[in-house]
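Model, not experiment: these values are computed from the prediction. Naming convention: chains lettered A, B, ... in sequence-line order (proteins, then strands); numbering from 1 in each chain.
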Number of protein chains: 2
Amino acid sequence: MAKSNKRTSIADLAQELGLSVSTISRALNNAFDVSEATKAQVWALAEKLNYQPNSLAAALRRGRSNMLGVIVPHINGAFFPAVVHGIEEVASQAGFSVLICQSTEDVAREKKHVEALLKAQVDGILVSMSNTTQDFAHFERVRSQGTPLVFFDRMPDFPQACGVVANDYRGAYQVMEHLIAQGCRRIAHLAGPQTVNTTLDRFRAYQDALLAHGLPYDPSLVVPLANSGVEAGGAAMQQLLQLPSRPDAVFSAYDFPAGGAMQVLEERGFRVPEDIALAGFSNEPFTTMVKPRLTSVDQRGKQMGEAAVQLFLQLVKRSEVFTGQRIVLKPQLVVRESSLHKQKEPVLPR
Amino acid sequence: MAKSNKRTSIADLAQELGLSVSTISRALNNAFDVSEATKAQVWALAEKLNYQPNSLAAALRRGRSNMLGVIVPHINGAFFPAVVHGIEEVASQAGFSVLICQSTEDVAREKKHVEALLKAQVDGILVSMSNTTQDFAHFERVRSQGTPLVFFDRMPDFPQACGVVANDYRGAYQVMEHLIAQGCRRIAHLAGPQTVNTTLDRFRAYQDALLAHGLPYDPSLVVPLANSGVEAGGAAMQQLLQLPSRPDAVFSAYDFPAGGAMQVLEERGFRVPEDIALAGFSNEPFTTMVKPRLTSVDQRGKQMGEAAVQLFLQLVKRSEVFTGQRIVLKPQLVVRESSLHKQKEPVLPR
DNA sequence: TTGAAAGCGCTAACAG
DNA sequence: CTGTTAGCGCTTTCAA
């Protein structure tokens with residue numbers, strides 16, 4: 001018995017059983033029009049021969065791969081992993097495999113990933129843009145290929161684009177209202193990249209909230225973050241502390257930099273929140289472990305992922321590529337000690 | 001001009017240019033034996049028609065997909081994302097696309113993912129086992145299909161298995177030696193699942209180090225963690241604090257539970273490290289943000305990912321499936337204030 | 001330097 | 001209920 005080193009295929013099963021390949025195929029796919037007896041036979045032999053269907057061949061023939069491409073900027077922190085988790089949950093339930101790629105905030109990589117996914121014949125692409133993405137030609141190409149494209153969290157603002165985002169503006173606005181309600185008057189902002197809707201909205205909300213409450217907008221209180229890491233926040237905080245008139249609160253566009261800022265404040269002997277209140281964005285798990293615990297905004301990552309897949313499923317069902325549909329999730333402000341003046345001893349105005 | 005809604009294929013290019021499909025194929029693959037002029041023509045038309053190669057078809061024909069499957073237990077925390085990053089770096093450089101799957105610590109999902117990857121004809125599978133994996137039949141199947149299989153971080157201990165791990169034993173032993181050197185005598189352990197080499201080794205090192213230093217092994221000081229999250233650590237710490245004779249140090253098998261323990265200690269008015277010293281494992285970014293900063297062990301995630309792919313590349317080159325080869329990375333103890341008695345004021349023995 | 005032809009493994013009409 | 005047939009889009013001998 002010459003045991004060839006090739007994988008066993010549908011033809012091998014057919015041969016062995018004296019049936020045609022089509023019958024085997026139907027049996028394996030559990031079609032209506034094949035006898036239970038035959039099915040049983042086929043299943044048994046498949047098991048015995050350790051048959052492994054070749055989904056590439058099936059996809060080629062079918063024209064559908066049942067694969068879903070996902071491009072995220074990165075999987076650091078808790079947010080994107082949560083989204084990915086939500087995506088996998090719903091996608092796998094709908095029979096799709098998920099291909100995850102990281103752009104590492106690099107358009108070039110993002111483009112490459114789009115190409116690769118298209119070449120791999122994915123049935124759809126879910127993407128959260130890198131913050132260096134200014135040119136959208138590669139997305140346009142996806143659309144022109146007829147492949148459904150759904151954005152999440154970070155999306156371009158052209159109207160055909162469809163996707164699911166959190167209401168970052170609202171979340172940030174709530175942070176600001178809270179800080180102002182706590183009595184903060186000189187609120188600084190550690191700003192994320194202004195190239196992408198999310199952090200841009202957080203900044204806009206910062207500005208608008210100041211305006212709405214009759215507080216002056218002082219550009220020197222807005223420090224751009226080099227990245228979303230801890231050190232960037234520390235550096236930004238140092239810069240703020242050198243200002244002739246220091247802020248009494250800092251709203252950071254991300255949690256990790258807020259953590260870095262907290263460290264710097266601690267080192268310099270400032271009290272949080274008495275001297276300077278602090279708030280971040282994302283509700284990372286670590287926010288409950290620092291002292292004081294960090295006020296933040298929950299972005300509903302998992303829900304976002306689930307919604308994105310559902311949107312995709314709608315698109316394929318209707319065989320549409322774009323609908324311009326946009327789902328907006330409501331973020332949740334989570335107030336903790338880093339911004340709560342009331343629970344600490346009152347402090348004299350400085 | 002009937003613009004069909006099908007994607008443009010190699011045949012379309014051939015038709016348009018009056019060339020054969022084989023020439024087109026060769027031109028696109030930049031083969032030696034096709035004239036520069038023809039290549040240029042083909043490239044130009046491909047560009048113009050927005051031609052997107054179908055890598056499924058190519059893979060089917062070639063018998064290689066140039067895809068690499070990766071199964072991780074989860075992508076929470078910083079460790080697995082770092083590994084994935086390392087994997088992607090090296091894999092993409094070698095021309096492989098990477099398919100990431102999460103088992104979410106569930107064997108059933110792990111099995112499903114293995115199946116799916118095999119069906120997708122990946123050229124190899126890199127896997128870090130779920131902590132519920134007791135039966136290895138699904139891995140055996142991978143091998144029997146002739147698909148290279150490389151483990152990382154968490155791997156079964158049968159000798160043919162090949163993979164790359166950190167020396168968790170050594171890392172944990174170093175933690176223990178450090179704690180003992182700091183004067184700790186009743187050291188507790190928050191234990192991870194004893195089903196998997198990594199946390200098992202951390203526990204063994206804990207025991208062995210006690211023994212080696214003439215300290216008694218007290219089972220009541222070993223508390224199993226429900227999971228690797230913050231709350232689990234808090235719960236475990238509560239349990240330890242109810243002991244008639246409290247520990248003077250806690251070595252947690254993960255960082256997040258150590259963070260949870262720190263919170264509980266803080267709430268209960270214990271000082272870290274004076275009353276109870278604390279150490280974790282993984283060197284998560286948050287370890288530098290808590291107060292006191294948390295002593296931990298760096299697992300070299302990125303390096304591990306890189307090494308895993310290199311191992312895989314070796315396997316395919318030699319067309320072997322298993323070599324039993326095992327790369328062991330040296331972890332690094334990172335001492336911080338949570339376990340440093342010397343840098344704080346001396347405390348009377350209790 | 002190019003073309004013709006075969007076929008990777010599977011599915012899906014269309015017949016029987 | 002089962003078989004025949006014709007590809008999906010690409011690569012790759014083998015000839016010319």
Do [X] and [Y] sit within salt-bridge range, that is, some charged N less than 4.0 Å from a carboxylate O?
X	Y	answer
D135(A)	K111(A)	yes
E306(B)	K302(B)	yes
E36(A)	K39(A)	yes
E115(A)	K112(A)	no

Quiz question: by atom type and distance under 3.5 Å, do the side chains of [X] and [Y] form a donor-acceptor pair?
X	Y	result
H85(B)	Q102(A)	no
Q52(A)	R141(B)	yes
S35(A)	T38(A)	yes

What residues 111-121 of chain A contributes to the DNA chain C interface at heavy-atom separation below 4.0 Å is none
Nearest atoms (heavy-atom pairs only) where [X] meets [Y]:
X	Y	value
F80(B)	S128(B)	CE2-OG, 3.5 Å
E105(A)	T132(A)	O-OG1, 3.1 Å
P148(B)	D123(B)	CD-O, 3.2 Å
R326(B)	A161(B)	NH2-O, 3.5 Å
H113(B)	I71(B)	CB-CD1, 3.9 Å

Scoring nucleotides 7-16 of chain C by protein non-hydrogen atoms under 4.0 Å (B base, S sugar-phosphate only, - none) yields BBBBBBB---
Close side-chain approach of S130(B) to T133(B), heavy-atom, < 4.5 Å: yes
Distance from L56(A) atom CG to L56(B) atom CG, nearest 0.5 Å? 4.0 Å
Chain B contact limits on DNA chain D, taken 5' to 3' with a cut-off of 4.0 angstrom to heavy atoms: dG9(D) to dT13(D)
Tell me, which of residues 34-43 of chain A have any heavy atom that sits under 4.0 Å from an atom in DNA chain D?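 Close to the strand are V34(A), S35(A), T38(A).
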Given Watson-Crick or G-U pairs with both distances under 3.5 Å, what dot-bracket string fits DNA chain D, with | for other-strand pairs and [ ] for crossing? ||||||||||||||||
Name all pairs fulfilling the ring-ring contact (aromatic ring centres under 6.0 Å, His included) condition that reach into residues 12-35 of chain A, sequence neighbours left out, sorted by first residue then second. none
